[in-house]
Amino acid sequence: MPTTGPNAGMIHSYASRESGWNVGMDANLKKLDALMGGGVKDKDLATPPGSPADGDRYIVAASPTGAWVGHATHIAVWESTGSAWTFYTPKKGWLLYVDDEDKYYKFTTLWVITAV
């Protein structure tokens, strides 16, 4: 039975030829692709943008609306292949570059500006 790692939440420890490996590995690769760049377009939006491009990433602001309801502080990633938002819950210590501010933010229990 596979397990989920405590840090990045990657799925691992499949038994040889265990069913579900493809789905689990696909989820891992999607997560790596979404989070490896380490940058988001904006962190002050509470409402999803109207025309996101594939791979656009945002930190969801407080009091989110629409498709972002319930995901404050999460990283929202637009996947045009599924025409939907995927959300990732940040872990303490994660660093992200915010494009529109040209600054880095660190996650503690909230996103705070940090010197790098």
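Computed from a predicted structure; not experimentally measured.
The two residues Ala61 and Ala46 come nearest to each other via the heavy atoms CB-N, 3.9 Å. In terms of heavy-atom proximity, Ala62 sits nearest to Ala72 at CA-CB, 4.2 Å. When all heavy atoms of Thr73 and Pro90 are compared, the pair lying nearest together is O-CG, 3.4 Å. Of all heavy-atom pairs between Pro64 and His71, the closest is CG-N, 4.0 Å. Heavy atoms only, all atoms of each residue included: Ala67 and Pro48 are closest at N-CG, 4.0 Å.
The closest side-chain heavy-atom distance from Leu96 to Ile59 is below 4.5 Å. For the pair Phe107/Leu95, no side-chain contact is recorded, criterion being any heavy-atom separation below 4.5 Å from C-beta on.
A distance-only check finds no donor-acceptor pair linking the side chain of Trp111 to the backbone of Lys43 [under 3.5 Å]. Put simply, the side chain of Arg57 never gets that close to the backbone of Lys41: no donor and acceptor are under 3.5 Å apart.
Under the 4.5 Å side-chain heavy-atom criterion for Ile, Leu, Val, Met, Phe, Trp and Tyr, Tyr88 and Val69 are members of distinct hydrophobic clusters.
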Which pairs of donor and acceptor atoms, one on a side chain in residues 97-104, lie under 3.5 Å apart (sequence neighbours left out)?
residue : atom : partner : partner atom : Å
Tyr97   : OH   : Asp102  : OD1          : 2.3
Glu101  : OE1  : Tyr105  : OH           : 2.4

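Through direct or indirect side-chain contacts shorter than 4.5 Å among Ile, Leu, Val, Met, Phe, Trp and Tyr, Trp78 is connected to Leu45, Tyr58, Val60, Trp68, Trp85, Phe87.
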